[in-house]
Amino acid sequence: MRSHSRSRSAVLAAMLVAASCRPKPETATSPTASTSAPAATTSRKAARPPALVPAQAPIDLLPERTGVVVSAASVRHLLRVVDVATLIGTYRPYYEQAGAYFEQSFGHNLLDPARWPEIGVDPDRPIGAALLDAGSETSCYFISLTDPLRFRDFVDRVGAKLGGSLESVYEDRGIVLAHEPGARNQLVLRDDFAFVVNVGNPSLAPYDFARELASIDPARGLTASPRWQQALGPAEPRDLLAFIDAGGMVRAEVEAARRRDEQPAESWAEQELQRLREHGGSAEEIARWEQVAAEQKASEQQFREKRRRERELWSAVLGPLGPIVIEVSLSPEAIVGTARAGAPETALLRRVVTAGAGPPLAISAANERVLFGVGGKLDVNEGIAGLDASLRAIGKSADELFAELQRNVGGDPKAAIAMLEGTVSFALTATDVAAMARGGGKAELGFNLALNFKDPVTAAALVAVTMARLPSSPLGLAGLKVKRGKSRGHAVTVPGWRDVHVALVGSTLMISTDPKFAQQVERGTTWEPRLAKVGPIVTAPGAAATLLLDHSLLLGMFMARSHYEGERYLPSQNQPYWRFSSLTPEVINKVPQSAAYKARLKEWLRLDAKIERVEKMQERRRMEGTLAAADSLGALALQLRETPEGLSTEGGQYFGPGGLARTIERFIEGMSGGETDYSSYEERGRVEQELTEIRVRDIERSLGVRASE
């Protein structure tokens, strides 16, 4: 625990002081004063910058062109989602040990927000992060301060402990502190805020962002810009706000790529070819490098063309969108809110989605537990156009896809899709989540699929033709059989899995591993979600799209991957070949096992069986604990709607019993699997050593050789 706490504290300290820091004694001035110390790159007689009204929040100082911002009202707002007191009570020894380490190392328990004012940090005002420039991978993290001087003193003391040195490299309305001018990591102190600026690739940075933060006029910053104010509107502030200008970043990347393509850099092959020509290379060498340069040029052209198609796709999907604004409220029961973006009616996303006719049947009529579900209503023609645009980004097309399906399945796939009305829903289901986590059993996973057709008569004809052709289709599995259902429709037998049932209810085609699914749809059965809070989000009428994710799916898949039923190791598999360098493994393997070896092997097997029983019990406990954690973690539920201005999403993360605090406790309890008694392992290890020595003596007697030590 001490080692882990040490590493975490080192990371935190590094973030606060931007890669080690201690200002020089002569710069012990007010950290936000602009005239008490000269700028590193200006004359000592430089004019004082004009006074400005202090920023009200850190985001007021971000540059207008900032692409991504995530800002929380305070760290206390973030902690609303978890019962911290309960967690501390459960793991108090660990908490007190970590707190004591912080006290010893930094003089303060940084794990307790109530003590943050001791170092000048305000736990009740905004904190967050921003992506200032995607091209140069420049980001910043910001916190609010109660006392800038006290925080500066804390930075001094931490820097002294880390042995670093932080210089004042620029001063304006704020101070930039860094190891040296132009450093990748810099600390900016401005008004009552601190910014840690990280530049991933300084050579691509179009500006010195740290200096800009230190000098910017809030009236010209991000929150004063028209695009920010138009995107946010008059909405009431929430606990957490995110501003993501995905469309703006895509447009900027497209423009930057256009400029790069207009002035392509000389390739390494062309550089070598030029060198040979200038220094009198042989005709043979020049000819060979001309071929290499031509091949490289062709390859780069193909790559640029591929990137161009990808940019066209992203431009079509995200380019027309205005900034995405996410506003979230935090509580122990849920993390809920809205996400919205302005988009013209000509935007691809608005052309594809349309208001739905009702709840997604694959979810709302499910007879089994829904682990993942999506539904919505699409404009079929626009959907095909969107599919074609996506495929063209990888050098294919929708027509090629339909042609391939026609060759393998038969019929006319494009004509079949044209029969669809547009309403579709899909759900991944399970009768036994625990069986899924164990990674075995036919019933571990199933699905529901509901497709609405324009005409029930043409839908029935399509189903009949498809069922008749399916067993002989090149895409059909070996042993695939189709038979008429007991009451209606068809049942497709899938070897090694569950039967798939196909039926029509009016103009809605039902395909499911659950034989009761079609009956549920026909009866209009009311869905009872595992968490009642997700029901109104998933079943609300008029939504363009709906998503439901039960976290049991993710944690169950995690358990299934971690659980492996392989053959157990036997000592006989590990012959002492290294003790007989003059003998081949084949010769050693032929030496029979002695009675003494077999006797000790029997004891080894007894101990191994005992250990295996304990390990299986621990594995079962881990699985049960992890799935219990999933119950407390709950589910994610979202709905997408079209608005007059663009698109809007509502919903969020809904916790189950005990919320996030109980989720953490259960996950830790589950992963531990209980206390392990290592005495059996030690005893088995001693017996295995004895087996090795017995085997060595058997080989020596049988083959008349001496083993090396």
Q: Roughly how far, to the nearest 0.5 Å, is OG1 of T493 from CG of D499?
A: 4.0 Å
Q: Report yes or no: do R369 and S552 form a side-chain donor-acceptor pair below 3.5 Å?
A: yes
Q: Step by step, work out the side chain to side chain contact (heavy atoms under 4.5 Å, CB included) result for L313 and S390.
A: CA-CA 6 Å; L313 174 61; S390 301; 4.0 Å; yes
Q: Is there side-chain contact between V463 and H490, with at least one heavy-atom pair below 4.5 Å?
A: yes
Q: Within the 4.5 Å heavy-atom criterion, are T513 and W497 side-chain neighbours or not?
A: yes
Q: To the nearest 0.5 Å, what is the distance between CD on E642 and CZ on R351?
A: 12.0 Å
Q: Ignoring hydrogens and geometry beyond distance, is a side-chain donor-acceptor pair present between R227 and Q230 at under 3.5 Å?
A: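 No pair is found: no donor N or O on one side chain lies under 3.5 Å from an acceptor on the other.
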Q: Quick check: closest heavy atoms across A231 and F243, and the distance to 0.1 Å?
A: CB-CE1, 4.1 Å
Q: Spell out, as yes or no, whether a donor-acceptor pair under 3.5 Å connects the side chain of K454 to the backbone of A418.
A: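 Yes, K454 side chain to A418 backbone: donor-acceptor pair under 3.5 Å.
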Q: Looking only at non-hydrogen atoms, find the nearest pair between M510 and A450 and report the distance.
A: SD-CB, 3.9 Å
Q: In Å and rounded to the nearest 0.5 Å, what is the CG to CG distance from L627 to L633?
A: 12.0 Å
Q: Could E615 and R620 be called an ion pair, given the rule that one side-chain N must be under 4.0 Å from one carboxylate O?
A: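 A salt bridge is absent here (no side-chain N lies under 4.0 Å from a carboxylate O).
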Q: Does a side-chain N-to-carboxylate-O contact under 4.0 Å join R641 and E650?
A: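 The answer is no: the pair does not qualify as a salt bridge.
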Q: So, for Q639 and A543, which heavy atoms are closest and what is the spacing to 0.1 Å?
A: CB-CB, 4.2 Å
Q: Between E305 and R308 (salt bridge meaning N to carboxylate O under 4.0 Å), is one present in this structure?
A: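 Result for this pair is yes, salt bridge flagged.
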Q: State, with a plain yes or no, whether a side-chain heavy atom of L638 is found less than 4.5 Å away from one of T546.
A: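 Result no, sub-4.5 Å side-chain heavy-atom pair not found.
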Q: Is the count of non-hydrogen atoms from other residues, nucleotides or ligands lying under 6.0 Å from W314 atom CH2 greater than 12?
A: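 No, CH2 of W314 has 12 or fewer neighbouring heavy atoms, counting only those of other groups under 6.0 Å.
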Q: Take D550 and L548 through the side chain to side chain contact (heavy atoms under 4.5 Å, CB included) test and state the conclusion after the steps.
A: CA-CA 7 Å; D550 186 326; L548 173 65; 5.8 Å; no
Q: Check the pair E665, R662 against salt bridge (charged side-chain N to carboxylate O under 4.0 Å, His left out), reporting the backbone distance first and the verdict last.
A: CA-CA 5 Å; E665 292 176 350; R662 189 65 183 125; 3.1 Å; yes
Q: Just wondering, do T429 and D514 contact through their side chains at under 4.5 Å, heavy atoms?
A: no
Q: Starting at CZ of R340, measure out to CG of L321 and round the result to the nearest 0.5 Å.
A: 14.0 Å
Q: With rounding to the nearest 0.5 Å, note down the distance linking CG in L549 to CG in L636.
A: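 Answer rounded to 0.5 Å: 6.0 Å.
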Q: Under 4.0 Å between a side-chain nitrogen and a carboxylate oxygen: does that hold for R622 and E619?
A: yes
Q: At their closest point, which heavy atom of L531 faces which heavy atom of G634, and how far apart are they?
A: CD1-CA, 3.5 Å
Q: Please report the C-alpha distance between K414 and D399 in whole Å, then the side-chain angles of each, then the deciding distance to 0.1 Å, and finally whether the salt bridge (charged side-chain N to carboxylate O under 4.0 Å, His left out) criterion is met.
A: CA-CA 8 Å; K414 191 171 184 178; D399 288 339; 3.7 Å; yes
Q: Can you name the residues that form a ring-ring contact (aromatic ring centres under 6.0 Å, His included) with F447, not counting sequence neighbours?
A: none
Q: Does A629 offer a backbone N or O that forms a donor-acceptor pair with the side chain of S632 under 3.5 Å?
A: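 A pair under 3.5 Å: no.
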Q: Walk me through it: do L401 and L387 pass the test side chain to side chain contact (heavy atoms under 4.5 Å, CB included)?
A: CA-CA 10 Å; L401 174 63; L387 174 64; 4.0 Å; yes
Q: Do K533 and V336 have side chains that get closer than 4.5 Å, going by heavy atoms?
A: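 In short, these two side chains do not touch, never coming nearer than 4.5 Å.
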Q: Treating D388 as the side-chain partner and A398 as the backbone partner, does any N or O pair qualify as donor plus acceptor under 3.5 Å?
A: yes
Q: For F517 and A362, work out which heavy atoms get closest and say how close.
A: CZ-CA, 3.8 Å
Q: Just to verify, which of Q520, Q519, R523, E522 counts as forming a side-chain contact (heavy atoms from CB on, under 4.5 Å) with V505?
A: E522
Q: Walk me through whether V70 and L241 qualify under side chain to side chain contact (heavy atoms under 4.5 Å, CB included).
A: CA-CA 6 Å; V70 179; L241 168 69; over 6 Å; no
Q: Less than 4.5 Å apart, side chain to side chain, heavy atoms only: is that true for L451 and L420?
A: yes
Q: Minimum heavy-atom separation for A341 to I324, with atom names?
A: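 Shortest heavy-atom contact: CB-CG1, 3.9 Å.
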Q: I want to check something: taking the side chain as every heavy atom from C-beta on, are D379 and V352 in contact at a cut-off of under 4.5 Å?
A: no
Q: Kindly say whether P360 contributes a backbone atom to a donor-acceptor pair with the side chain of S364 at under 3.5 angstrom?
A: yes
Q: Salt-bridged, R530 to D631, with N to O below 4.0 Å?
A: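 Here R530 pairs with D631 in a salt bridge, since their nearest N and O are under 4.0 Å apart.
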Q: Salt bridge or not for E624 and R621, using N-O below 4.0 Å?
A: no
Q: Less than 4.5 Å apart, any side-chain heavy atom of E327 and any of V325?
A: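 When only atoms from C-beta onward are counted, V325 and E327 do touch, with a gap below 4.5 Å.
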Q: So does T508 get a backbone contact from the side chain of N452, meaning a donor-acceptor N/O pair under 3.5 Å?
A: no
Q: Less than 4.0 Å between a side-chain N and a carboxylate O, is that true for K377 and E421?
A: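 Answer for the salt bridge query: yes.
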Q: With rounding to the nearest 0.5 Å, note down the distance linking CG in L554 to OG1 in T626.
A: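 Output value for this atom pair is 12.5 Å.
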